[in-house]
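Everything on this sheet refers to the single structure shown next.
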Amino acid sequence: MSPHAAGRRRVARSVTTGLPLALAAVLVAAGTATAAPSGDTRVVRTATLGEIPLGAFSNALLPGSVADDHGVELGGIGSDIYPAGREGEYWTVTDRGPNGQIKVDGKKRRTFPVPGFDPAIVRIRVSGHTVEVLDAIPLTTSSGKAVTGLPNQRSRDEAPYTYDAGTPLSYDPNGLDTEGIVRAGDGGFWLVDEYGPSLVHVSARGRVLARYVPKGLALTGADYPVVEALPSILLHRRTNSGFEGLAQLPGGDLVMALQSPLSLPDADAGDASRTTRLLRFSPREKAVTAEYAYRFDPVGVVDPGEADTSELKISSVVAVGRDRLLVEERTDRAARLQLVRLRDRSDILGGPWDDDTTSPSLEQLEDPAAAGVPVLSKRLVVDLGEVAGVPGKIEGVARVDHDTLALVNDNDFGMTDGADAFDARGRLVDSGIETTVMYVRLPRKL
């Protein structure tokens with residue numbers, strides 16, 4: 001998590017009670033206005049999620065899962081958004097839950113103030129300027145236990161701590177840092193995860209049916225099937241930067257996007273790189289069938305004034321045709337949507353760039369195309385940083401119709417980094433950033 005407007009005053013939000021499924025109530029954001037046009041692209045509607053205590057939400061799904069929510073409210077559902085089949089209704093997914101970083105003796109510790117939080121699929125409806133929670137599905141293991149958001153492996157993931165960074169927490173091999181979501185052909189869902197990184201197939205009621213991970217991950221102790229079916233090169237994913245985008249092509253194949261370049265051969269190379277990867281997965285074959293090199297624009301182009309290349313991320317990919325994708329390049333402050341076409345001649349699966357002994361690595365190449373790598377060509381569709389009314393940290397994009405997109409931001413559950421994220425009583429000092437769904441009208445058809 002990046003610091004998210006620390007110190008901003010908390011925004012007053014109305015609260016009512018009595019939601020479906022005992023989750024909470026319809027939440028209203030009063031006075032939200034349609035943004036003014038910016039160029040040929042404009043925001044035509046905004047809607048905001050109001051206050052639902054996270055403990056009440058979680059315990060309605062899995063009683064007793066959260067003992068103390070430390071004043072955190074439901075948020076983080078902006079990890080992705082996918083049409084639910086009815087006008088204004090969408091499936092969304094939370095990430096691993098509230099988390100932050102606090103420095104102790106000069107070293108950052110990853111904090112989980114609500115370690116019992118269970119990532120969930122949340123069905124919402126955009127009604128006027130309100131985001132309503134219609135339903136929620138907890139993610140569970142084969143035996144019905146909660147799938148937490150805690151890290152999996154001591155040797156590979158950040159060590160988890162309590163909200164004040166004072167007490168270590170246990171690792172959880174069942175833990176998932178869920179991000180992208182699409183509806184599966186069997187009525188369940190496909191999700192992607194940052195820890196493995198992994199592709200996760202869940203039932204319509206949220207039970208994990210299979211988790212597909214890189215070959216050689218050696219994840220043991222999980223209470224659901226773990227299948228080593230992804231290329232082993234993914235073992236070099238940057239910490240906290242695994243799969244974040246997921247799209248479903250018309251034929252049923254899935255496309256997964258690595259949020260950031262691999263740390264190959266090391267973290268410094270990954271941080272300096274502008275080349276990440278997309279992978280195509282066949283649910284029928286249960287295998288990766290293609291891999292593509294994707295090249296970010298320079299960070300100063302994506303986010304004018306930003307100089308740190310490691311801030312570049314892919315957060316969302318959306319199918320807009322048989323082999324065409326919208327790809328969201330972003331930092332935490334700005335985002336651009338690019339149109340790419342997946343061509344057979346661009347496939348690098350199983351070649352030298354999947355061999356971690358290749359030197360220089362794909363990530364180290366200053367100009368991959370000049371080195372013979374078939375990098376995906378792309379065309380800019382819209383620079384969201386130039387559209388009035390679009391907030392930072394957009395993580396979910398859905399296609400509403402031929403010229404309209406639905407966007408959702410990740411508000412990080414209102415958390416910020418640092419020791420001041422909680423007050424002296426251990427209650428969250430909310431950032432004031434809310435979960436907002438907005439419709440953006442494009443000047444041309446996709």
Side-chain angles (χ1 to χ4, degrees), residues 1-8 38-39 78 99-103 106-108 110 158 179 194 236-242 244-245 257-278 293-317 327-338 340 360-371 373 375-395 397 407 409-412 415-418 420-421 431 433:
M1 177 191 302
S2 297
H4 226 14
R8 286 182 54 173
S38 176
N99 68 95
Q101 289 184 316
I102 295 176
K103 276 190 176 182
K107 295 183 179 180
K108 291 181 179 179
R110 179 64 60 181
E158 297 169 294
E179 296 291 345
E194 292 206 64
H236 295 277
R237 66 98 173 97
R238 184 189 303 176
T239 301
N240 197 26
S241 295
E244 184 149 318
L258 274 172
Q259 175 183 288
S260 304
L262 295 175
S263 295
L264 194 65
D266 53 34
D268 287 344
D271 288 347
S273 180
R274 290 197 287 119
T275 306
T276 190
R277 304 173 189 231
L278 307 181
Y294 183 91
R295 185 78 169 162
F296 288 106
D297 285 341
V299 65
V301 172
V302 178
D303 184 354
E306 178 60 67
D308 185 354
T309 297
S310 70
E311 289 297 314
L312 290 169
K313 306 172 179 71
I314 291 179
S315 274
S316 185
V317 288
V327 178
E328 183 207 6
E329 297 181 23
R330 72 165 181 90
T331 68
D332 281 356
R333 299 181 303 190
R336 288 154 61 93
L337 299 180
Q338 305 276 0
V340 304
S361 68
L362 174 62
E363 288 68 23
Q364 288 179 302
L365 294 176
E366 187 67 27
D367 187 345
V373 180
V375 177
L376 291 173
S377 59
K378 62 185 184 180
R379 175 177 65 82
L380 180 65
V381 173
V382 61
D383 186 340
L384 294 173
E386 296 182 355
V387 180
V390 176
K393 208 172 185 187
I394 295 295
E395 290 202 3
V397 180
L407 313 178
N409 69 315
D410 179 8
N411 80 328
D412 289 325
M415 280 197 61
T416 57
D417 288 338
D420 295 333
S431 70
I433 297 174

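Residue numbers start at 1 and run along the sequence shown.
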Is Leu362 close to Val373 at the side-chain level, that is, under 4.5 Å between some pair of heavy atoms? yes
Is there a donor-acceptor contact under 3.5 Å from the side chain of Ser260 to the main chain of Ser241? no
Output for pair (Arg330 CZ, Ser316 OG), nearest 0.5 Å, gives 10.0 Å
Under a 3.5 Å distance rule, please check whether Thr276 uses its side chain to pair with a backbone N or O of Leu258 as donor and acceptor. yes
Is there a side-chain contact between Leu384 and Leu407 (heavy atoms, below 4.5 Å)? yes
Please answer whether the main-chain N or O of Gln101 pairs with a side-chain N or O of Asp417 as donor and acceptor at a distance below 3.5 Å. yes
Is there a donor-acceptor pair closer than 3.5 Å between any side-chain N or O of Gln338 and the backbone N or O of Leu380? yes
Partner set under side chain to side chain contact (heavy atoms under 4.5 Å, CB included) for Ala257, not counting sequence neighbours: Leu278, Ile314, Val317
Considering residues at least two apart in sequence or located in another chain, which fulfil the salt bridge (charged side-chain N to carboxylate O under 4.0 Å, His left out) criterion with Arg237? Asp157
Measuring from atom CD of Glu363 to atom CZ of Arg274, what distance do you get when rounded to the nearest 0.5 angstrom? 13.5 Å
Verdict with supporting geometry, Ile433 and Asn409, side chain to side chain contact (heavy atoms under 4.5 Å, CB included): CA-CA 10 Å; Ile433 297 174; Asn409 69 315; 4.0 Å; yes
Quick one: salt bridge (charged side-chain N to carboxylate O under 4.0 Å, His left out) pairs with a partner in residues 296-308, sequence neighbours left out? Asp297-Arg336, Asp297-Lys378, Asp303-Arg333, Glu306-Arg333
Passes side chain to side chain contact (heavy atoms under 4.5 Å, CB included), Val340 versus Tyr294? Steps please. CA-CA 9 Å; Val340 304; Tyr294 183 91; 3.7 Å; yes
Non-hydrogen side-chain atoms of Asp332 and Lys313 separated by less than 4.5 Å: yes
Note: Met415 and Gly100 closest approach over all heavy atoms is CE-N, 4.0 Å
Looking at every heavy atom in both Ala421 and Thr416, which two are closest together, and how far apart are they? CB-O, 3.3 Å
List the steps, then state whether side chain to side chain contact (heavy atoms under 4.5 Å, CB included) holds for Thr275 with Leu365. CA-CA 8 Å; Thr275 306; Leu365 294 176; over 6 Å; no
To the closest 0.5 Å, what do you measure between CZ (Arg277) and CG (Leu264)? 6.5 Å
Glu194 side chain near Gln259 side chain, heavy-atom distance below 4.5 Å: yes
Non-neighbouring partners of Lys103 that pass side chain to side chain contact (heavy atoms under 4.5 Å, CB included), sequence neighbours left out: Lys108
Does Arg238 have any salt bridge (charged side-chain N to carboxylate O under 4.0 Å, His left out) partners at least two apart in sequence or in another chain, and if so, which? Asp271
Do you know the tightest heavy-atom contact between Pro261 and Gly270? CB-O, 3.8 Å
Side chain to side chain contact (heavy atoms under 4.5 Å, CB included) with Asp266: which residues, sequence neighbours excluded? Asp268, Ala269
